[in-house]
Amino acid sequence: MGELIEYMGRADLSPLYISLRTGAAATVIAFFLGLFCARKVVKAGPWTRAVADGFLTLPLVLPPTVAGFLLLLLFSPRRPLGSLLYRTFHIRAVQTPLACVLAAAVVSFPLMYRNARAAMEQVDEDLVSAARTLGMSETRIFWRVIIPVAQPGILSGTVLTFARALGEYGATAMLAGNIPGRTSTISQKIAMVVEDGDYASAGFWTLVIVIIAFVIVVALNLLSGDRSARTERMRGREPAEGGIEDGA
Amino acid sequence: MALEVRIRKRRGNFVLDMEFSTGDGIFALLGPSGCGKTMTLRCIAGIEKPDEGRILLDGKTLFDSEKKICLTPQKRRVGYMFQDYALFPNMTVRENVMAGMGKNPDRREADRLLERFRITDIANLRPGRISGGQKQRTALARLIGQRPDAILLDEPFSALDSGLRWQLVGEMKETLAEFRVPTVFVSHSRGEVCELAATVCEMDRGKSGESVPAGDFLKRTEPLLREHSDYRRQMWN
């Protein structure tokens, strides 16, 4: 315990910042990409839907190391895409902070996509039809009707995505390596210090990640609690004041 | 000023085969649930696509299977009141009314509608917090606010309890008399139909019958009269 407190005093907090930055950036990417893909898949026919859904869910079911390896194949400077990026834009994806973001975004993407899709599919079809007969354009319907009505599911999807991106290890280790101060996230730091037998540091970082995870889950519960109250109201279960129509 | 409908649509064993045209005044489609009334309205509004046929509104083609014309619901300018009103749960009553008024809705016009339908006091509430009658008035205000070329009403009174129902039937009659566009009213209640409609068409398992003036329809059978007098009694009590 004494060691732990002593470590807290002199700890280099860069893994925390790197993890938070990576998690935030990956969540933003997964958020917009997830909404976009969810909308496309919801509108697609049954075959396209099944195949596209399978493909988009892969990162969730594959071992993260497999995702990491595939990303490495894609972005390695010795490969076509990787070398193209480097030659034309001077962007190096492997072994950089960008690699952390890429790995975390890919691995956490299915959580965003699947939650958004489920939430959108639950939006009452009649609301969309009503919006169409009212002359609202499809884009307007998406932003003004579908997204707000699906909002609770989308929010919880976003929170889960962030949590997953924050703790990403397997794919990050393969694509980004563990460079202190640059790509060394909390989970990578823990793996490294445990290997060195430095249990005090491992304990400190474990505590940090447990606290963050706990806060996230509590936030999620609060959000989904709000959701059930909302649907209740949406179904009109809750009677209006008095429960009786106002007079003529 | 007329809506002409001649459509066929197959769905499994069920065949919808409708032919009618509306004249002046409200046109009622009467039939038990499951006979295809809602499906007919959905075809007119452009939510469903018929297999074949033609739908004309004031000479404008909304749908024509031979000419391969099928306008989107947005282009049809047909106001549709859903059975459960389909108010947007995320918007307030005022926002719901403004939703059908185009990209830049005029707030004063919206306020006039709120006033006219006596929902000004609930303008800032969401649909989850208002009563059934207020929901119906909001839906009607939203529908009138979009300035439709035709009006479709799908069982607009079925979600209301009976005392309130007849009051709103009266209000609806007033509104529609003022806002004269082809109107199709769908119901399973002979009482509502007799009170509102000028022309009645009875449906039977997906097939439209002959269109008759409401007066003749009323006289036709004994049980009808009895139900209608029940309704009269309800109204005065």
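In what follows, chains are A, B, ... by sequence order, proteins preceding strands, each numbered from 1. Computed from heavy atoms alone, side chains included, the values below leave out hydrogens, waters and symmetry copies.
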State, without any angle test, whether [X] and [Y] hold a side-chain donor-acceptor pair at a distance under 3.5 Å.
| X | Y | answer |
| --- | --- | --- |
| A:Arg114 | A:Thr57 | yes |
| B:Glu178 | B:Thr175 | no |
| A:Ser137 | B:Gln74 | no |
| B:Thr38 | B:Asp154 | yes |
| B:Asn90 | B:Arg126 | no |

Problem set entry | B:Arg116/B:Glu174 ion pair, N-O < 4.0 Å | no

For this session: Could you tell me whether B:Glu95 and B:Arg142 make a salt bridge, using a distance below 4.0 angstrom between a side-chain N and a carboxylate O?
Result: no

Side chain from CB out, backbone as N, CA, C, O: work out which of these in [X] comes under 4.5 Å of a heavy atom of chain A, or both, or neither.
| X | result |
| --- | --- |
| B:Phe88 | both |
| B:Met81 | neither |
| B:Leu152 | neither |

Contact part of [X] toward chain B, heavy-atom cut-off under 4.5 Å: side chain, backbone, both or neither?
| X | value |
| --- | --- |
| A:Glu125 | neither |
| A:Ile141 | side chain |
| A:Asp124 | side chain |
| A:Arg144 | both |

Exercise. Does the ring centre of B:Phe27 sit less than 6.0 Å away from the ring centre of B:Phe20?
Worked result: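 For B:Phe20 and B:Phe27, the ring centres are under 6.0 Å apart.
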
For this session: Run through B:Ile47, B:Leu71, B:Leu57, B:Asp149 and flag the one making a side chain to side chain contact (heavy atoms under 4.5 Å, CB included) with B:Arg76.
Result: B:Leu71

Exercise. Can you name the residues of residues 37-44 of chain A that have some heavy atom under 4.5 Å away from a heavy atom in chain B?
Worked result: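 Residues qualifying by a heavy atom under 4.5 Å from chain B are absent, so none.
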
